[in-house]
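Beneath this line is the structure, given in structure tokens, with notes to follow.
Below, chain A is the first sequence line, B the second, and so on; all start at residue 1.
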Protein chains: 2
Amino acid sequence: MDRMDDDAANPLPGPRAGAGRVTAAMVAREAGVSTATVSLVVSGKAQGRISAANREKVQAAVERLGYVVDTAGSTLSKGFSPVVVLVATDIANPFYAELISEARAALGDRYELLLSVGGPRRQIDAASIRKLLSLRPAGFLIDAPNAELVAALPSGTRAVLLDAPGLQGGLPSVNLDVADGAAQLALHLADQGHRRVGYLDSTIDAATFRVRRDAFRDTAAELGIEVLDGAASLTDIDAAAETFTEAWPGWDAAGVTAVVGCTDTHAYGVLGAAAEAGVAVPGRLAVAGFDDLPYSRHTSPPLTSVSLPSGELGSAAGRTLRALIEGGSPVTEHVEVPSRLVARASTAAVQGATD
Amino acid sequence: MDRMDDDAANPLPGPRAGAGRVTAAMVAREAGVSTATVSLVVSGKAQGRISAANREKVQAAVERLGYVVDTAGSTLSKGFSPVVVLVATDIANPFYAELISEARAALGDRYELLLSVGGPRRQIDAASIRKLLSLRPAGFLIDAPNAELVAALPSGTRAVLLDAPGLQGGLPSVNLDVADGAAQLALHLADQGHRRVGYLDSTIDAATFRVRRDAFRDTAAELGIEVLDGAASLTDIDAAAETFTEAWPGWDAAGVTAVVGCTDTHAYGVLGAAAEAGVAVPGRLAVAGFDDLPYSRHTSPPLTSVSLPSGELGSAAGRTLRALIEGGSPVTEHVEVPSRLVARASTAAVQGATD
DNA sequence: CTGAAAGCGCTTACAG
DNA sequence: CTGAAAGCGCTTACAG
């Protein structure tokens with residue numbers, strides 16, 4: 001805006017770009033001090049090291065020139081950048097929206113959030129970790145990993161695991177108590193008299209999905225419910241609908257009266273496919289999911305779901321990572337965020353809604 | 001995994017971190033060549049400059065040591081990093097999920113996507129741009145900006161604008177034809193006989209929302225429809241529901257028979273609040289939105305919406321930016337992605353669904 | 001309290 | 001075809 005006006009002569013950054021860039025050396029010259037002094041002042045380490053007079057001169061020069069510390073230079077020198085990498089396999093799930101913005105907020109202004117979008121078909125492996133490591137990130141936030149991914153992290157990597165039940169491996173973690181939520185759901189379905197339940201799993205290999213399924217199945221078994229699993233799809237309404245449509249005839253024949261999706265998005269697919277097939281929900285079939293997305297109160301019928309507070313997860317993870325980075329100490333904290341069943345009309349005993 | 005085992009002695013990276021890091025110098029030593037040769041080979045510039053023998057030696061050494069070029073070093077030297085910054089105000093909107101992953105895919109393996117999450121209350125300004133610029137990004141992807149944000153970009157910045165109708169300002173852009181979609185929606189509502197329509201706008205200041213509203217209002221006016229605007233909320237179901245609830249008595253009194261939300265999420269809020277208030281949709285009130293999110297086919301009733309293909313938007317933007325970065329030439333391309341009305345039951349003339 | 005200098009890891013003219 | 005060397009911008013002991 002300001003001093004870029006006459007730069008237009010060279011709008012295409014040449015090989016050694018940097019036109020228009022204000023460096024610490026320029027600030028030093030402007031303030032009549034050394035670059036060491038500039039660095040100390042700008043990084044807030046001037047306390048008792050730089051005279052008030054010089055501090056002010058530097059600050060004024062910084063202001064005047066619009067100086068911002070260059071990340072490449074400081075990263076090279078300090079050994080780590082201000083970037084925090086969030087590794088998530090499946091950000092298509094709206095579950096991540098709030099997680100991301102809360103993590104961002106908890107991290108504070110000193111860090112930038114880099115999203116490493118694996119994509120459902122391209123799970124993060126050791127090679128991608130190595131590539132990310134070359135960015136010298138200040139830390140990692142790793143959501144819903146599997147054991148392989150955790151093993152690929154070099155020891156000493158500053159990382160916080162999110163929603164990684166059973167995978168701590170010496171790293172701080174923030175977990176959702178999905179097992180408890182799954183058990184609550186099994187209990188709820190047992191209460192409604194269901195005896196055979198279909199389970200629509202994820203095709204993504206992550207510990208959290210395994211725990212959801214196993215905890216549900218185990219509690220269900222104790223309550224005399226048989227769980228039919230084996231069906232799985234991506235976190236995608238249409239894929240889930242298709243998978244349900246394929247599984248339904250078999251489940252129907254087996255006497256299934258309820259279907260649980262491993263995410264709400266899976267459950268939406270079931271809801272849609274059931275409507276299409278003329279299977280009344282909850283009259284003929286009860287449906288439930290995990291996440292309790294904002295949409296789930298508004299589906300038809302409103303969806304019963306295990307509430308997983310993604311915002312809290314992101315926020316706790318951001319805070320923990322920041323403590324890890326700034327404290328420097330080997331914080332091995334394990335936060336557990338509770339989950340809780342939200343019963344709505346999609347699993348109501350009769351046609352009347354409970355919601 | 002490999003050579004980190006005995007690093008455990010110093011798990012907390014000291015001041016001059018880098019323990020366990022493989023550098024080009026180490027590769028050079030291993031291969032018996034200079035770092036210049038390593039750099040040339042690794043960056044694929046060996047063609048006709050490095051002997052086949054040396055090329056192979058370097059490749060073998062890289063393999064053996066697990067060398068990855070350090071970003072900080074190469075950024076400092078080249079002037080730009082492999083990071084592409086996506087600036088988006090409101091990633092809570094599921095609209096972004098597909099946009100992000102498609103943009104990521106189009107960018108290819110050479111770039112990382114950094115998400116700059118402004119958050120609805122913290123819009124990106126000149127200072128944040130300066131901070132992002134200090135990362136020396138290879139380029140910017142800027143979604144739904146306002147004029148101020150575009151003006152804050154120093155000339156010469158490699159950037160592609162997304163969904164920024166009327167804001168090109170010399171930058172390549174990928175736009176959704178939201179005006180056309182808005183006009184189609186107005187036409188559709190006129191067809192159904194509506195004469196007074198409430199418009200639920202966004203509180204976010206972005207050109208795309210202004211264009212949606214104005215295009216809708218203008219076409220509606222030509223068709224003899226009066227549009228009542230002034231209501232606005234964030235892209236949040238509950239906030240939208242609340243805003244609708246406040247606006248409804250006035251709109252009702254004024255004879256409003258249809259409400260348009262500037263996003264589907266706004267429309268979901270209207271749907272929820274209308275159900276709560278016992279206002280029949282579409283019987284008493286027609287409802288429509290913009291985005292055509294995957295959920296919109298599954299709301300009750302299914303939502304009429306102007307389809308905005310976010311995946312295409314992200315993919316086209318990623319491709320354009322890549323061309324801009326790699327071509328180096330001043331590409332000033334303007335891609336326009338069409339939008340199209342998807343009519344569903346929420347605006348059906350009678351109680352029967354069209355879907 | 002302050003500055004000169006080394007060093008972080010890379011890339012790229014340059015000289016051979 | 002190859003290597004020695006300069007330089008990108010910063011931070012941090014170190015000497016004063």
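- Contact check, Thr37(A) against dT2(C): no side-chain N or O comes under 4.0 Å of OP1 or OP2.
- dA4(D) makes up no base pair with any nucleotide shown, lacking Watson-Crick or G-U wobble contacts both under 3.5 Å.
- As rounded to whole Å, 13 Å separates atom C1' of dC8(D) from atom CZ of Phe80(B).
- Atom P of nucleotide dC8(C) and atom CG of Asp70(A) are separated by 18 Å, given to the nearest angstrom.
- Atom pair Arg21(A):CZ and dG9(D):P shows a separation of 8 Å (rounding to whole Å applied).
- For the pair Ala72(B) and Gly32(A), nearest-nucleotide mapping onto DNA chain C gives the more 5' position to Gly32(A).
- Within 4.0 Å (heavy atoms only), Ala36(A) reaches at least one base atom of the nucleic acid.
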- Please walk me through it: do Val160(B) and Phe140(B) pass side chain to side chain contact (heavy atoms under 4.5 Å, CB included)? CA-CA 6 Å; Val160(B) 173; Phe140(B) 284 91; over 6 Å; no
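- For Ser77(B), no side-chain nitrogen or oxygen approaches OP1 or OP2 of dC8(D) to under 4.0 Å.
- Remark: the backbone N or O of Ser39(B) is paired with a side-chain donor or acceptor of Ser43(B) at under 3.5 angstrom.
- The interatomic distance linking Lys78(B) (NZ) with dC8(C) (P) rounds to 21 Å, in whole Å.
- Rounded to an integer number of Å, the gap from CD1 of Ile50(A) to P of dT2(C) is 5 Å.
- Side chain of Arg130(B) to backbone of Ala152(B): no donor-acceptor contact under 3.5 angstrom is found.
- For the 3.5 Å distance criterion, the side chains of Thr71(B) and Ser81(B) fail to qualify, holding no donor opposite an acceptor.
- Among the protein residues, Val38(B) comes within range of no part of the nucleic acid, since none of its heavy atoms lies under 4.0 Å from any strand.
- Between the P atom of dG9(C) and the CG atom of Leu40(B) lies a distance of 20 Å, rounded to the nearest Å.
- Dashed line: the shortest gap from a side-chain N or O of Asn54(A) to OP1 or OP2 of dC1(C) is not under 4.0 Å.
- As rounded to whole Å, 7 Å separates atom C1' of dG9(D) from atom OH of Tyr67(A).
- If you check dA13(D) for Watson-Crick or wobble pairing at under 3.5 angstrom, you find it has no partner at all.
- Between Ser74(B) and the phosphate of dC10(C), there is no side-chain N or O to OP1/OP2 separation shorter than 4.0 Å.
- Counted by atom type alone, Ser315(A) and Arg319(A) present one or more donor-acceptor pairs between their side chains at under 3.5 Å.
- Nearest-nucleotide mapping onto DNA chain D: of Arg49(A) and Gly73(B), the residue sitting toward the 5' end is Gly73(B).
- An OP1 or OP2 oxygen of dT2(D) is reached within less than 4.0 angstrom by a side-chain nitrogen or oxygen of Ser51(B).
- We find that CZ of Arg136(A) is positioned 12 Å from C1' of dG7(C), with the value rounded to whole Å.
- Taking side-chain N and O atoms only, Lys45(B) has a distance below 4.0 Å to OP1 or OP2 of dT12(C).
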